[in-house]
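What follows is a set of notes on a single structure, which appears directly below.
This chain uses plain numbering: 1 for the first residue, then up along the sequence. A quick note: this is a predicted structure, and the numbers were derived from the prediction, not measured. Values below: every heavy atom of this structure, side chains too, minus hydrogens, waters and symmetry copies.
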Amino acid sequence: MRVLAIDYGRKRTGLAVTDPSQLIAGGLATVETSKLFAFIEEYIKKENVERIVIGKPTQPNGQPSENLQRVQQFFNRWKNAHPEIPIEYYDERFTSVLAHQAIIAGGIGKKKRREDKGLVDKISAVIILEDWLQAHK
């Protein structure tokens, strides 16, 4: 069964998913946040998802970020609607910075980065999922 990771954003949300053996994390999609709930519901109809890991947005000093309230609303909505698929928080500090660095190191040019704003969101979700996998080995 797969694990799905969410890098929840105000406008766009990045998603990543493991392979069925939960060994490899890969980018799944970037979706408009307003369509996120429906997107995941459709995805779990096609794929076996064991759990969802959602990035918990905190500032570097550990204080909640301004996005935490929106994340908590989604978290609670999912938990109530789909208790059969647990959802848990995972620290997402610095994932956006790491995602930007990975994109640049991967040789993706400035023009492509400007055109594909969702790339950072998707890669951030992959980083969250990779970190979660490492912590749960």
Side-chain angles (χ1 to χ4, degrees):
M1 294 183 75
R2 299 177 187 271
V3 176
L4 178 75
I6 301 171
D7 179 43
Y8 193 96
R10 201 176 61 154
K11 294 179 183 178
R12 289 179 317 274
T13 295
L15 299 169
V17 69
T18 65
D19 64 301
S21 301
Q22 297 182 14
L23 298 173
I24 300 168
L28 176 63
T30 301
V31 297
E32 290 177 41
T33 300
S34 62
K35 298 176 182 174
L36 176 63
F37 201 89
F39 181 93
I40 295 175
E41 285 184 319
E42 284 302 310
Y43 184 78
I44 65 171
K45 288 178 185 174
K46 296 178 245 165
E47 298 289 340
N48 289 326
V49 174
E50 176 182 303
R51 76 177 48 251
I52 295 175
V53 177
I54 188 166
K56 186 174 187 180
T58 52
Q59 297 176 23
N61 64 4
Q63 295 297 312
S65 79
E66 54 89 21
N67 198 35
L68 183 58
Q69 185 176 3
R70 286 185 285 273
V71 171
Q72 287 172 327
Q73 288 172 351
F74 179 88
F75 182 97
N76 291 329
R77 182 179 175 204
W78 184 267
K79 201 167 148 180
N80 292 328
H82 295 283
E84 74 282 6
I85 301 176
I87 186 168
E88 67 182 77
Y89 289 115
Y90 195 76
D91 187 358
E92 70 166 27
R93 278 180 279 188
F94 308 113
T95 55
S96 293
V97 173
L98 293 171
H100 279 287
Q101 291 173 347
I103 290 167
I104 291 168
I108 296 174
K110 193 179 251 185
K111 183 179 178 188
K112 173 71 173 155
R113 292 194 310 258
R114 274 197 209 117
E115 291 170 358
D116 190 359
K117 293 181 187 283
L119 186 59
V120 169
D121 302 316
K122 190 179 349 178
I123 292 176
S124 293
V126 171
I127 292 169
I128 290 167
L129 189 51
E130 287 176 341
D131 287 353
W132 184 89
L133 286 169
Q134 285 295 324
H136 288 84
K137 278 193 171 180

Should Leu23 and Leu133 count as side-chain neighbours, where that means a heavy-atom distance under 4.5 Å? no
Is it true that a side-chain atom of Thr18 and a backbone atom of Val3 form a donor plus acceptor pair closer than 3.5 Å? yes
Within a 6.0 Å radius of atom CD on Gln69, are there more than 12 heavy atoms belonging to other residues, nucleotides or ligands? no
Return the CG to CZ distance between Leu36 and Phe39, rounded to the nearest 0.5 Å. 8.5 Å
Rounded to the nearest 0.5 Å, what's the gap from CD1 on Ile52 to CG on Leu4? Could you check? 5.0 Å
If Ile, Leu, Val, Met, Phe, Trp and Tyr residues are connected whenever their side-chain heavy atoms lie under 4.5 Å apart, and connections chain through other members, are Tyr8 and Ile40 in the same group? yes
Show your reasoning for whether side chain to side chain contact (heavy atoms under 4.5 Å, CB included) applies to Ile54 and Ile87. CA-CA 7 Å; Ile54 188 166; Ile87 186 168; 4.1 Å; yes
Could you tell me if the side chain of Leu28 sits less than 4.5 Å from the side chain of Tyr43, heavy atoms only? yes
Test item: side-chain donor near acceptor, Glu41 and His82, under 3.5 Å: yes
Could you work out, with salt bridge (charged side-chain N to carboxylate O under 4.0 Å, His left out) as the rule, every residue matching Glu66, not counting sequence neighbours? Arg70
Group every Ile, Leu, Val, Met, Phe, Trp and Tyr by side-chain heavy-atom contacts under 4.5 Å, then state whether Leu68 and Ile6 land in the same group. no
According to a hydrophobic-cluster definition based on side-chain heavy atoms being under 4.5 Å apart (Ile, Leu, Val, Met, Phe, Trp, Tyr only), do Ile44 and Leu15 belong together? yes
If every non-hydrogen atom of Ala125 is compared with every non-hydrogen atom of Ala5, which pair is closest and at what distance? O-CB, 3.6 Å
Arg12 CZ to Asp7 CG distance, which is reported to the nearest 0.5 Å: 10.0 Å
Report yes if the side chains of Glu32 and Lys11 come closer than 4.5 Å at any heavy-atom pair, otherwise no. no
Hydrophobic cluster membership, with links at side-chain heavy-atom distances under 4.5 Å among I/L/V/M/F/W/Y: are Tyr89 and Ile127 in one? no
Give me the atom names and distance for the closest heavy-atom approach of Pro86 to Glu50. CD-O, 3.3 Å
Quick check: does any side chain N or O of Asp19 sit under 3.5 Å from a backbone N or O of Ile24, one acting as donor and the other as acceptor? yes
Value for CD (Gln22) from CZ (Arg51), rounded to nearest 0.5 Å, stands at 8.5 Å
Give, for atom NZ of Lys56 and atom CD1 of Ile128, the distance between the pair rounded to the nearest 0.5 Å. 13.0 Å
Please tabulate, one pair per line, all N/O donor-acceptor pairs under 3.5 Å involving side-chain atoms of residues 72-81, not counting sequence neighbours.
from	atom 1	to	atom 2	distance (Å)
Asn76	ND2	Gln72	O	3.2
Trp78	NE1	Ile85	O	3.2
Asn80	ND2	Asn76	O	3.1

Qualifying residues under salt bridge (charged side-chain N to carboxylate O under 4.0 Å, His left out), relative to Glu42, sequence neighbours excluded: Lys45
Can you confirm whether Arg2 sits close enough to Val17 that some side-chain heavy atom of one is under 4.5 Å from a side-chain heavy atom of the other? yes
